[in-house]
**Q** 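Questions regarding the structure given below will be posed in turn.
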Amino acid sequence: MAEVKNLPNGGYPMHTFADVEDLYYEYISSEHDRKRINQAYEFMLEKHEGQKRMSGEDYAQHLIEVAYILSDLHCGPNTIIAGLLHDTLEDTKTSLEEIVHFFGEDVGMLVESLTKIQRLKLSRMENEEFEAEDHRRIFIGMAKDIRVILIKLADRLHNLRTLGSLSCDRQIALAQESMDVFIPIAHRLGLDKIKSEMQDLCLKYLEPDIYKHITSLLTKKTKTLEKSLDGIKKRIADLLFENHIPFEIESRVKSIYSIYHKMYVLNTPFDEIYDILALRIITDTEIQCYEILGLIHQTYVPIPGRFKDYIAMPKPNLYQSLHTSILGGDGNRYEVQIRTKEMDEVAEVGVAAHWAYKEGNGYNSKQEQQEIENKLHWFRDFVSLSSNAEEGDAKEYVDSLTKDIFEANIYVFTPKGKVIELPSGSTPVDFAYKIHTKVGDTTVGALVNGVMVPLNTVLETGDMVEIKTSKNSTPSEGWLSFVKSSLAKQSIKRFISKKNADQERGEKIQKGKQSLLDSFKDKGIDEEEMVSLLNTKKVLEHFECNSLDDLYVMVYGRKPSPSAVIDYLKIRKPVNQSNDSDATFNFKADSTCPVYCKGADNIAISLANCCTPIPGDEIVGYITRGKGISVHRHDCPNIENEKDRLIDVYWKPNLDKENYPVDLVIQAVDRQKLLLDIMSALANHKIPLTQIHGKVVGNSGKVNFQTTILVPNSKRLTDVINILLNINGVYDIKRATH
Ligand code: MN
C-alpha cells in the first residue's frame, strides 16, 4: 500500500484537541468534567512528549483520534479520559498510582485493564494454541467493563486507519486479529459504523487485489446508477410529501466488504448485486415507518422474500428497522430501509446509543454495565463465560465464545415467548442447557411447535420449544454426538465425569466398609454395632475424616487398615456369638415363598401376581378365601379396601440368591433402535428379561413398553431403573399393577 504509506494520519482528516472538545461540549456541560478531560489531555501531552508513531506523527495524535472517536460515540468523561491515557502505563514512565491520584480509581481501573490487553506481543501467530491464548486475554479484559471494549475498539480503529506505515507482517497480523476478535464484538454490540470501517480496512490489507478490483467496479457502477437513484429519491419524496409524512431520505453505497462478501463468499456476480445503492428513509414514529412501507409497496413492486420487520423483531444487537427491496419502475432494484431517528442512531452506534452518557441523573458505571447485561443477553453469557476463564484450556474458551456467542444465529422461543439464541444446528438439548444446566441435565423429551420430537432434532429460527424434564433423569453420553453449543457439551461432559467420580467413590465406600465389616465380624461385632462404634466425632476426628463414608474410603486405601481401626477402638476378644436368630423365625424350611407370617406357618403363602412384590418392598399379607395368604405391595390398589383381611408378613433374611419377577412400564420417546438399546442395557447388566412389548401412544411419538424382568431385591431394581432412565429417550419408569 505504497500510496498510503506517506500520508499523515493514514490519509484521514487529522483532528485537533479542539475538535474533540467541540464534540463533547455538546453533551458534557459540567465544568468539572470538562476540566478533567482537559487535564488528561495536558497530562498525556507531557508524558508522551517527543514520542513519534511509525507514520512520523506525534504519538499524541493517536490519542487525540481515539478521544475523538469516543466523543463521537457520546461516551462519558471517564471513558474519554481513559482513552487519552490508555497508552501511558505501557509506553511512558507513568505509574498506576499517579493516574489514580490525578484521575480517580475508575479511570485507573480502565487504563489498567487496557494495558493488560495491550501487553500482547503481536507476532505473526503461528500456532493455534498461542493465538487462542492471546484472544482469550483480550476477551477477558474486555468482558470486565463495556467501556474497555469501546476504548479498545476506538484504539484499534485508529491503528487500522494508519496501518500503512507498518511492516507487511504486522499489517496482516493486526488485520487478521481484528477480523477474529474486534469485528465480531463490534458487530454484536451493534457498532455498525466502526464494524464496517474496520472490515473495509482489514480487507484492504488481507486481500489487496480484490479490494482494488471492487473499488474500481464500484466507481463505474455508481456513476451509471446515480441518475436513476436521484429519480427514485424524488418520486418517493413526492409520495411521502403528498401523504403528509415527515421524512428524511438518503442514499448510500454499500460497504466494500459487504460487496466482497456477496461476490466471494455468496458467489454472486457483481452485475447481479442489486442493492449496491440503498435508500434510507428516516421518520418520526414507528407507526409512520409502517405507513411509509405501505405507501411504497402500493406504488412499487416489492421483491418477494426481501421484506424483513426488525422493528417487531429486533436483532440481538438491538438493531431495529424495516427492510424491503423494490423494483423502481426504471429497470433497477433498490433496497429500502425505513426507521425512526432513534433506531437510526442505534443502527450506527448500537449499544453506545442506548447508554450514551447522560448527565445529571446519577450516572453510575456499575449500573450502566448491569443495564447492558440485562438488555444484551449474549453479553451476560460473555461475562459469565469469561469470569472463570483464566484457568483451563484457552482454545476451548475461545471456541465456545465464537460458537455460542459470536456465531449464534438461530432464534427460537420459549413457550412464554422469550427469544433464545443458539448456534445453528442446535437441538432441543442445546436449548435446554441454555435455559438452565438443571433443565439440561434432567431433559427427557421436547415439544417443538407442539409436537413431540426426538432430542436430536435440529431447531430452526422461529421454532417454539418446550422441554420435558424428569427430576431423576440424567444426561446421556449419547447427547454428545449431536449437541452443537459448547455450553451443552461442557455441561454434559462435566456431569459424566462427576458421575464417574461418584460411582468410583461409591465403590470405594462399599469395599472399604466390607473389609472393615469382615474384620469386625471376626470380633463378633455386626454391622449395626460397628457403625455405631465408628460414627462418633472422636473416631472421625482421630482419623481426620468428615464422615463415616470418608473413613470407609480411607480404609479402602489401607490408610488406616481395618486392624488399625480395631486397635484404636481397643476391641480385644470376640463377644459371645449367639446364633439363635434363626430360631425366632418360625417359617417352614421347605417353603419356597420368600415371605413368612408369624404364627401362620401352616398356611400356604404366595406372592401376588398383580403387583409382583420383591424383597425389600414394603409388603402386607392378604387372607384369601381358601388359597392362603397372598403377599402384596403395601400400596397395591387391589387391597386398598380390604383392611380387615390384611395381616403382617415379613421377608425372610438373606434373600439375595433368588430372582423374582417384577413388571415395569417404561415410557419413552420413540426412536430407532430404542428397544435394542433397552434390551442390550439389561443384558449388559445381566438382568434377565422374560417379556417386553412396546405400544406406540397415538401419534404422540411416545411409546410404552410392558416389561417383566427378574431381580433379587428392590435395591437392585432401583439400580436397574436408573440404568434404563439413562437410555436416550426413556423418561419414566413405573412398577406395574394389574
Ligand atoms: Mn493505542
Side-chain angles (χ1 to χ4, degrees), residues 8-10 12-17 19-20 37 40-73 75 78-96 98-99 103 107-123 134-135 137-142 144-167 170-171 173-183 185-186 191 194 197-198 201-202 205:
N9 207 32
Y12 284 76
M14 248 204 262
H15 296 104
T16 61
F17 187 66
D19 295 328
V20 181
I37 298 173
Y41 169 66
E42 300 286 346
F43 183 89
M44 166 285 275
L45 275 187
E46 192 188 310
K47 293 291 182 182
H48 288 284
E49 211 201 325
Q51 289 180 3
K52 297 273 179 201
R53 300 196 90 212
M54 293 288 274
S55 49
E57 297 132 53
D58 286 345
Y59 199 88
Q61 191 61 41
H62 169 61
L63 303 158
I64 292 171
E65 297 297 346
V66 168
Y68 187 88
I69 296 167
L70 293 170
S71 307
D72 196 30
L73 290 172
C75 290
N78 284 357
T79 315
I80 300 173
I81 293 171
L84 285 166
L85 304 181
H86 80 266
D87 282 328
T88 48
L89 285 187
E90 178 73 2
D91 295 335
T92 73
K93 282 185 191 129
T94 309
S95 69
L96 182 59
E98 210 177 337
I99 290 176
F103 303 100
V107 170
M109 182 278 291
L110 291 174
V111 175
E112 200 193 9
S113 301
L114 285 155
T115 309
K116 277 191 189 141
I117 299 176
Q118 203 93 330
R119 224 166 251 159
L120 309 168
K121 290 294 154 254
L122 248 179
S123 63
D134 253 10
H135 291 180
R137 257 197 297 181
I138 301 174
F139 281 128
I140 291 174
M142 293 199 293
K144 288 216 171 83
D145 196 303
I146 192 94
R147 296 171 298 167
V148 173
I149 303 182
L150 295 176
I151 299 168
K152 194 61 214 169
L153 287 173
D155 175 42
R156 177 52 57 97
L157 179 61
H158 184 250
N159 285 336
L160 288 174
R161 284 177 183 168
T162 52
L163 212 51
S165 45
L166 299 186
S167 74
R170 293 265 298 160
Q171 286 175 347
L174 268 155
Q176 191 57 53
E177 188 192 58
S178 304
M179 287 294 247
D180 294 341
V181 177
F182 295 103
I183 290 171
I185 208 153
L191 291 153
I194 291 182
E197 193 184 335
M198 278 188 173
L201 286 165
C202 290
Y205 292 100

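Just follow the structure's listing: the first ligand is 1, and inside any ligand the first atom is 1.
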**Q** Nearest to the Mn ion (ligand 1), which N, O or S atom of D155 do we find?
**A**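 It is OD1 of D155.
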**Q** Ring centroids only, cut at 6.0 angstrom: are F17 and Y68 within range, meaning strictly under it?
**A**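 Ring centres of Y68 and F17 not closer than 6.0 Å.
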**Q** Restricting to N, O or S atoms of D87, which is nearest to the Mn ion (ligand 1)?
**A**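 Distance check against the Mn ion (ligand 1) picks out OD2 in D87.
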**Q** After noting the C-alpha distance and the side-chain angles of K47 and E98, does the key distance pass the salt bridge (Lys or Arg N to Asp or Glu O under 4.0 Å) rule?
**A** CA-CA 12 Å; K47 293 291 182 182; E98 210 177 337; 2.9 Å; yes
**Q** Are the side chains of R161 and I69 in touch, meaning some heavy atoms are under 4.5 Å apart?
**A**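 SC-SC contact between R161 and I69 confirmed.
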**Q** Using a distance threshold of 2.8 Å, state whether an N, O or S atom of H62 lies below it from the Mn ion (ligand 1).
**A**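 Yes, within the cut-off.
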**Q** Angle class for the H48/Y59 ring planes (parallel below 30°, perpendicular above 60°, tilted otherwise)?
**A**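 H48 and Y59: parallel rings.
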